[in-house]
Amino acid sequence: MMNSKMRSLLEIHLAVFLFGLSGLFGKLILLPAMLIVLGRVVFASAFLLLTLRYLKINIRLHHSRHYIAMAAMGIVLAVHWCAFYLSIQMSTVAIGLLTFATFPAFVTFLEPVVFQEKIRLADVATAMAAFAGILLVIPRFAIGDHITQGVLWGLLSGFTYAILSVLNRKYVKPYSGLTVAFYEQLSAAIVLLAFFFWQPVEIQMRDILLLCLLGVVFTGVSHALFINSLKHLKVQMAGIISCLEPVYGIIFAALLLDEMPTWREGLGGVIVLSAVFYSMVTLEQGVTTLPPGKSEITNGGK
């Protein structure tokens with residue numbers, strides 16, 4: 001019979017695998033990035049609400065100001081995912097995933113400001129290494145170049161996710177990860193609904209089915225698996241395993257979309273992921289920068 005730790009390891013590997021493949025939907029769904037994110041958060045928040053009801057978890061928040069904080073984080077989440085899918089649509093899945101993976105570098109500079117902590121020289125060096133890896137990915141820096149645009153959107157995705165991670169650490173510790181994920185994605189859905197009415201787009205049944213798959217399986221189920229796995233795993237271990245997320249995405253983009261990474265993307269990716277892995281290994285106890293809501297309060301994300 002499988003023990004609890006082994007089951008948790010399988011759960012987190014499956015969750016990270018699903019997170020990694022979620023980027024492919026930016027190419028598979030032929031809709032604007034905002035509509036992809038809208039569909040994702042609508043189906044995901046509905047699934048999470050049903051899960052919370054099934055588990056009999058109280059979704060009421062302790063203070064009215066917490067609803068405001070959750071709404072703000074939902075807006076940041078919406079910007080993060082829109083930037084992520086824009087990055088993939090403008091360039092490749094590999095670039096979208098690798099540029100997003102720089103978020104721990106942004107956290108390095110944000111956390112000392114928010115929590116009045118000392119910044120470590122080793123963290124700065126790691127952040128600079130990650131950005132150097134991204135520079136390798138860009139064949140030539142020109143705003144009109146679609147690869148450059150993809151990198152810039154991807155960096156915005158990483159930056160906004162870093163903000164979300166810091167806000168999670170600061171404001172939502174009293175709540176379960178599923179509760180936080182539900183409110184963030186519900187808030188994102190409400191905000192993005194305005195775009196749907198502002199710019200109507202004809203949606204095919206194929207797109208609806210893919211959005212349902214993205215929202216339920218690659219967001220809701222993966223969040224639940226990730227959060228459940230932390231019952232028997234250290235958060236630091238979860239962070240290290242999460243470094244596989246871009247690897248899974250890049251491999252399957254090559255297999256399913258015929259997006260073969262260039263040697264520059266490969267080398268830049270190795271540098272970025274090495275820097276991210278190092279930052280995860282050297283995290284101080286009690287502080288984490290896990291990847292779409294994977295924070296120390298265990299809400300899931302990408």
Side-chain angles (χ1 to χ4, degrees), residues 1-19 22 37-78 80-81 164-165 167-193 208 211-239 241-242 286 288 290-302:
M1 185 175 178
M2 188 181 301
N3 61 40
S4 298
K5 186 172 183 179
M6 182 60 67
R7 184 169 59 252
S8 293
L9 282 170
L10 290 175
E11 287 175 341
I12 195 169
H13 275 288
L14 179 56
V16 171
F17 174 76
L18 293 174
F19 284 138
S22 66
V37 179
L38 173 60
R40 181 177 190 175
V41 294
V42 165
F43 285 111
S45 56
F47 174 83
L48 289 170
L49 178 60
L50 291 174
T51 302
L52 288 164
R53 292 299 189 191
Y54 175 77
L55 297 175
K56 294 182 173 57
I57 296 176
N58 185 6
I59 63 172
R60 291 179 64 87
L61 304 183
H62 303 330
H63 304 286
S64 58
R65 66 177 181 273
H66 290 175
Y67 288 99
I68 298 173
M70 294 284 188
M73 287 185 286
I75 294 171
V76 176
L77 178 65
H80 157 66
W81 268 342
L164 185 64
S165 298
L167 290 175
N168 279 337
R169 180 186 167 196
K170 185 175 180 65
Y171 291 111
V172 293
K173 289 183 181 180
Y175 305 106
S176 73
L178 286 175
T179 301
V180 174
F182 165 69
Y183 275 106
E184 287 180 352
Q185 293 182 47
L186 178 64
S187 300
I190 293 171
V191 170
L192 290 170
L193 273 173
I208 295 175
L211 287 172
C212 181
L213 184 65
L214 173 61
V216 173
V217 177
F218 289 84
T219 308
V221 172
S222 56
H223 281 52
L225 286 170
F226 187 93
I227 292 165
N228 193 61
S229 71
L230 293 181
K231 292 178 181 178
H232 304 287
L233 294 178
K234 293 182 178 180
V235 175
Q236 185 183 43
M237 172 66 75
I241 294 172
S242 294
T288 183
L290 297 180
K294 305 179 197 124
S295 69
E296 63 184 321
I297 57 154
T298 71
N299 69 308
K302 187 90 3 278

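The first residue in the sequence is number 1, and the count goes up from there.
For F17, the ring pair (Phe, Tyr, Trp, His ring centres under 6.0 Å) test picks out Y248, F252, with sequence neighbours left out. Scanning for side-chain contact (heavy atoms from CB on, under 4.5 Å) contacts around T51 gives F47, L55, L178, with sequence neighbours left out. Not counting sequence neighbours, F43 has no partner by the ring pair (Phe, Tyr, Trp, His ring centres under 6.0 Å) test.
Looking only at atom types and distance, the side chain of Y183 has no donor-acceptor partner in the side chain of H66 under 3.5 Å away.
Across all their heavy atoms, L164 and L77 have their closest contact at CD2-CD1, 3.9 Å. Contact between A78 and V37 at its shortest, heavy atoms only, is O-CG1, 4.4 Å. Taking every heavy atom of both residues into account, L38 and A189 meet most closely at CD1-O, 3.6 Å. Heavy atoms only, all atoms of each residue included: A188 and G74 are closest at CB-O, 3.4 Å. Nearest heavy-atom pair, L225 versus A15, reported as atom, atom and distance to 0.1 Å: CB-CB, 4.0 Å. Across M70 and L61, no two heavy atoms sit closer than the pair CG-CD1, 3.8 Å.
Inter-residue side-chain proximity for E184 and V41 is flagged as unmet; no heavy-atom pair is nearer than 4.5 Å. Considering only heavy atoms from C-beta on, V217 stays 4.5 Å or farther from S222 through its side chain. You'll find the side chain of I59 reaches within 4.5 Å of the side chain of L49, heavy atoms only.
Atoms CZ and CG, on F218 and L213 in that order, are 5.0 Å from each other to the nearest 0.5 Å. From N58, atom CG reaches atom OG of S176 across 9.5 Å, with rounding to the nearest 0.5 Å. Distance check: L50 CG to R53 CZ gives 9.5 Å after rounding to the nearest 0.5 Å. Here the straight-line distance linking atom OG of S187 with atom CZ of F182 works out to 8.5 Å at 0.5 Å rounding. Between S229 atom OG and H13 atom NE2 the span is 9.5 Å, to the nearest 0.5 Å. How far CD1 of I241 is from OG of S8: 10.0 Å, rounded to the nearest 0.5 Å.
Remark: the backbone N or O of H62 is paired with a side-chain donor or acceptor of Y175 at under 3.5 angstrom. Side chain of T219 to main chain of L214: a donor-acceptor pair is present (N/O by atom type, distance under 3.5 Å, no hydrogens or angles). Under the 3.5 Å distance criterion, the side-chain polar atoms of S45 are matched with a main-chain donor or acceptor of V42.
Ring-plane geometry between F19 and H223 is classed as perpendicular, the angle between the planes exceeding 60 degrees on a 0 to 90 degree scale with a lower cut at 30.
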